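Keep in mind that what you see is a predicted model, and the values were worked out from it rather than measured. To find a chain, count down the sequence lines: A is the first, B the second, and so on, and within it residues start at 1.
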2 protein chains.
Amino acid sequence: MNIDTPITARHSDSTRETLIRAAIDIFGRSGFDGASTRAIADAAKVNQALISYHFGGKSGLYLAVFEHIAGIMQQRVGPIVAAIEAELATEQAGDAAAVSARLASLHRLTDGFVALLTSDESAAWASLILREQQNPSEGFDLLYTRFMSRVLGVIRALVARIRGTDPASVETRLTALTIVGQVLVFRAARAAVMRQMEWQTTGPDEANAIRQTIHRNVTAILTQKDSR
Amino acid sequence: MNIDTPITARHSDSTRETLIRAAIDIFGRSGFDGASTRAIADAAKVNQALISYHFGGKSGLYLAVFEHIAGIMQQRVGPIVAAIEAELATEQAGDAAAVSARLASLHRLTDGFVALLTSDESAAWASLILREQQNPSEGFDLLYTRFMSRVLGVIRALVARIRGTDPASVETRLTALTIVGQVLVFRAARAAVMRQMEWQTTGPDEANAIRQTIHRNVTAILTQKDSR
DNA sequence: GTCTATAGTCGGATAGAC
DNA sequence: GTCTATCCGACTATAGAC
């Protein structure tokens, strides 16, 4: 019951923040092993010894990077996801007009992801996440539970409403994942995409072309007259 | 004009091969920087100094790994691709019966990829290739020119025939890439997939469910009545 | 072609002054 | 909280015997 808050809680936070920002860049470019604490400290223009002081070591900084990314994601897509969740809660299935509204929501979601995955700033942390997908550590756990599961849940719910299927079924889950895959490929297989499309960058025009193709695909997949 | 072939051409090749096989595993698991030549030599049960002797160093071994992968790919999917190329060459567009035959060819292709990407053996080199996609080096160049471009070309041709579009158009290329993405996601976002599906492994049953979903999606995408 | 031994470099962590 | 200086372990590459 001390009146003073602990001194350590009054970290300037600028050093921590600067280090995390630099770490995303360097870890993203070189991976955990390839990145040296010296390189990160240099990029942040901060003394190398401060990494151990603030994060307890290289691994601590790595984990802090994922906490930071999860925070940004939550902040950026959280409201959008929440809005869709609200829509889904108020409206019942079976309404014909609702189908096109749900489809519009799904298009908005994929549009957002395309914008994110084609942006230059996403390059660094996309590399980080892709690496974690192959070799999941504590960092991935954080990201999945705090962010990915929620987004996938919303996509599943939208798919289920549009197709009239069970949101929990294997079929619905797989369909949701293949929709994600159509966006993901443009970051995960970026080098192949650039060569195949003969693109130099992914600017607004390119992002727009991607969006349109995915709109068309998703609409076709979810509104087909199928023989199940 | 010496009668003797050079001594160096008579490498036992077993050491080279063993090293490459071990290198795929270790490089795949840890990346270029994370993998130590000691660990690779140990895994191959070969003396560490032999890496420099046979490949000129760690980088040389890394490149040799991609040459090896490109070779295996060419050997494994080369015939299948060649068969489809032959079909495409003999048959003209516009034939209604040909459409379903082309669709069947495409399904065979995606089935093959699903089998490949859900297999355990693909884990190591899939990691390698995904890493190269984010940071392309000489190794990616090899893989793209010798293998990926050819496969993407065939997919494009099939898509164009089925939809009646120009194989070289942006639209056709993007559609081909989104088809690849639907398969790729199951390797590139493996950790998220396993969690989302509540799977422990990707065995025959799981692979089959994936195949069916992709069949349905691809058919819907390519055979829809669209308003272009 | 394969081995041992080691040179030379670089990385992460920490002690201790300020 | 931040700095300098340094320890110590791990790494790649190579010299040289066999």
Nearest whole angstrom, please: distance from the [atom2] of [N] to the [atom1] of [X].
{"X": "A/Arg16", "N": "D/dT2", "atom1": "CZ", "atom2": "P", "answer": "11 Å"}
{"X": "B/Asp33", "N": "D/dT12", "atom1": "CG", "atom2": "P", "answer": "10 Å"}
{"X": "A/Lys58", "N": "C/dG12", "atom1": "NZ", "atom2": "C1'", "answer": "8 Å"}
{"X": "A/His54", "N": "C/dT14", "atom1": "NE2", "atom2": "P", "answer": "15 Å"}
{"X": "B/Ile40", "N": "D/dA13", "atom1": "CD1", "atom2": "P", "answer": "10 Å"}
{"X": "A/Ile51", "N": "D/dT4", "atom1": "CD1", "atom2": "P", "answer": "14 Å"}
{"X": "B/Phe27", "N": "D/dC11", "atom1": "CZ", "atom2": "P", "answer": "13 Å"}
{"X": "A/Phe55", "N": "C/dT14", "atom1": "CZ", "atom2": "P", "answer": "16 Å"}

Go through the side-chain N and O atoms of [X] and [Y] and say whether any donor and acceptor fall under 3.5 Å apart.
{"X": "A/Arg190", "Y": "A/Thr202", "value": "yes"}
{"X": "A/Arg29", "Y": "A/Ser127", "value": "no"}
{"X": "A/Thr172", "Y": "A/Ser169", "value": "yes"}

Options [options], nucleotide nearest the side-chain atoms of [X]:
{"X": "A/Ala49", "options": "D/dT12, C/dT2, C/dT14", "value": "C/dT14"}
{"X": "A/Gln48", "options": "D/dT12, C/dT14, D/dT2", "value": "C/dT14"}
{"X": "A/Tyr53", "options": "C/dC3, C/dG12, D/dT2", "value": "D/dT2"}
{"X": "B/Ser52", "options": "C/dT14, D/dA13, C/dT2", "value": "D/dA13"}
{"X": "B/Thr37", "options": "D/dT2, D/dT12, C/dA13", "value": "D/dT12"}
{"X": "B/Ser36", "options": "D/dC11, C/dT4, D/dT6", "value": "D/dC11"}

task: Just say parallel, tilted or perpendicular for the rings of A/Phe27 and A/Tyr62, cut-offs at 30° and 60°.
output: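 Judged by the thresholds at 30° and 60°, the geometry between A/Phe27 and A/Tyr62 is perpendicular.
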
query: B/Asn47 side chain N/O closer than 4.0 Å to the phosphate oxygens (OP1, OP2) of C/dT4?
result: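 Checking B/Asn47 against C/dT4: at least one side-chain N or O falls below 4.0 Å of OP1 or OP2.
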
- prompt: Would you say D/dT2 has OP1 or OP2 under 4.0 Å from some side-chain N or O of A/Thr15?
  reply: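 Affirmative; the distance criterion is met.
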
message: Using a 4.0 Å heavy-atom cut-off, does A/Ala35 contact any base of the nucleic acid, only the sugar-phosphate backbone, or nothing at all?
response: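 Sugar-phosphate: the residue A/Ala35, judged by heavy atoms under 4.0 Å, touches backbone atoms but no base.
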
message: Looking at every non-hydrogen atom in both residues, tell me the closest pair between A/Leu222 and A/Leu106 and how far apart they are.
response: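 Scanning both residues, the minimum pair turns out to be CD1-CD2, 3.4 Å.
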
